[in-house]
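Everything numeric in this text was worked out from a predicted model, so none of it was measured. The figures here come from the full heavy-atom set of this structure, side chains too, leaving out hydrogens, waters and symmetry mates. Start at 1 and go down the list; that is how both ligands and their atoms are numbered.
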Amino acid sequence: MTTQEFLGKQNFKIHTKTVSESCPSNIALIKYWGKYENQIPANPSISYTLNHCKTNTSMEFLADENFAVQTFLAGHEEVKFAEKIEKYFKNIEQYIPWILKGKYIIRTENTFPHSSGIASSASGFGAIAKCLMKLDEEFSGNTSEEESLRKASFLARLGSGSACRSLYNGLVVWGASDEVEGSSDLFAVKYPDSKIHEVFKNFNDWVLLIHEGQKSVSSTVGHGLMNTNPYAERRFQEARENFVPMKQILKGGHMEHFIKLVEHEALTLHAMMMMSDPAFILMKTGTMEVINKIWEFRKQTGLPLFFTLDAGANVHVLFPKDASEEKIKIFIETELLQHTQNNGVVKDVMQF
Ligand code: PMV
């Protein structure tokens with residue numbers, strides 16, 4: 001279908017507007033895994049927002065009595081994605097009253113490879129929510145930047161939970177925690193820069209693409225399986241408790257404790273998958289090889305190289321941007337890249 005055919009003949013006064021926004025992906029350090037109705041997280045989470053892994057989205061809105069959505073991913077029309085967005089827009093109508101009063105053409109592309117297995121839902125829904133807030137300003141009048149970001153985070157959460165953290169840079173918290181002032185289950189908040197030691201403000205995240213393509217079990221199904229997981233309550237409690245040491249670690253710059261906590265969180269996430277019914281494993285042989293080599297390297301050199309995982313086989317390799325980084329980069333290139341599918345690596349940074 002061409003764009004013209006989609007828009008059809010307009011017999012009444014129209015209001016068109018095109019907005020564009022960009023939003024990065026994020027990687028959780030304390031993980032969100034398990035949720036209640038309306039995308040309420042079972043426990044608080046904290047993530048680093050990335051810099052290079054982004055989604056760029058343009059949204060063309062044409063006022064119309066009929067509601068319709070057409071989407072293009074990297075230039076190709078995607079009907080399934082359009083259906084998902086239609087459902088999402090219907091769901092958030094209560095928060096954006098004009099949202100169903102028109103037709104949309106949404107063009108979106110990721111700066112990271114499409115088949116990489118890097119979750120694009122966080123950056124994707126983040127960018128869509130930002131576009132909606134830009135249109136909302138146009139139609140409903142000005143809101144402060146702070147309010148607009150908060151509402152974008154709120155809306156992004158309803159699309160894909162972890163997306164709400166992508167609206168802010170640096171370290172970001174989603175889910176109510178006694179340890180983080182202003183934190184909420186409904187939207188994300190920036191973790192205060194003044195409470196973060198300098199050593200954590202300049203970090204590399206190299207994403208090793210161990211397995212490109214679709215995951216065998218989606219995040220939606222994975223979250224759902226926490227409902228019947230006998231270890232779920234303990235896990236939610238542990239994640240809540242982990243905010244206590246995390247807060248001290250971030251303030252004090254305790255790298256060794258940070259490494260231990262972040263790796264523990266990653267392995268716990270995957271342990272939960274293995275203890276689900278039915279059980280599933282998203283790690284691949286390459287994931288295990290990389291983890292073992294990282295541990296061995298750390299034992300031999302004492303250098304701060306460690307990992308985290310999202311809900312997939314890829315390994316996020318983390319190391320500070322400091323004097324040790326060159327040695328670590330050489331190790332990754334010579335020892336770890338061989339475990340990726342096509343020498344695939346996305347070299348990202350967290351800088352703020
Ligand atoms: O936002 P979702 O539904 O894609 O779930 C994300 C879950 C993890 O990436 C595994 C953890 C997290 O907190 O981002």
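- Residue Ser45 has no N or O atom closer than 3.5 Å to an N or O atom of ligand 1.
- Applying the salt bridge (Lys or Arg N to Asp or Glu O under 4.0 Å) criterion to Lys195, with sequence neighbours excluded, gives no partner residue.
- Neither the backbone nor the side chain of Thr220 has a heavy atom within less than 4.0 Å of ligand 1.
- For a threshold of 3.5 Å applied to N or O pairs, the pair formed by Trp33 and ligand 1 contains no separation below that value.
- Relative ring orientation between Phe139 and Phe61 is described as tilted, the plane-to-plane angle lying within the 30° to 60° band.
- Of the possible donor and acceptor atoms, none in the side chain of Asn43 sits under 3.5 Å from a partner among the backbone N and O of Arg240.
- Other residues, nucleotides and ligands place more than 12 heavy atoms under 6.0 Å from the CD atom of Gln94.
- Residues Ala239 and Ile30 come closest through the heavy atom pair O-CG2, 4.0 Å.
- Atom numbering of ligand 1 starts at 1 in the shown order; those under 4.0 Å from a heavy atom of Ala28 are 12 (C), 13 (O), 14 (O).
- Every residue meeting the salt bridge (Lys or Arg N to Asp or Glu O under 4.0 Å) condition with Glu238, not counting sequence neighbours, appears here in chain and number order: Arg235.
- In summary, the atoms of ligand 1 found under 4.0 Å from a heavy atom of Ser162, numbered by their order in the structure, are 1 (O), 2 (P), 4 (O), 6 (C), 14 (O).
- Less than 4.0 angstrom separates some heavy atom of Gly161 from each of these atoms of ligand 1: 1 (O).
- Residue His223 has at least one nitrogen or oxygen atom sitting less than 3.5 Å from a nitrogen or oxygen atom of ligand 1, judged on distance alone.
- Under a 4.0 Å heavy-atom criterion, Arg165 is in contact with ligand 1.
- Relative orientation of the Phe89 and Phe67 rings is tilted, given thresholds of 30° and 60° on the angle between their planes.
- For ligand 1, the atoms lying closer than 4.0 Å to a non-hydrogen atom of Ala311 are 10 (C).
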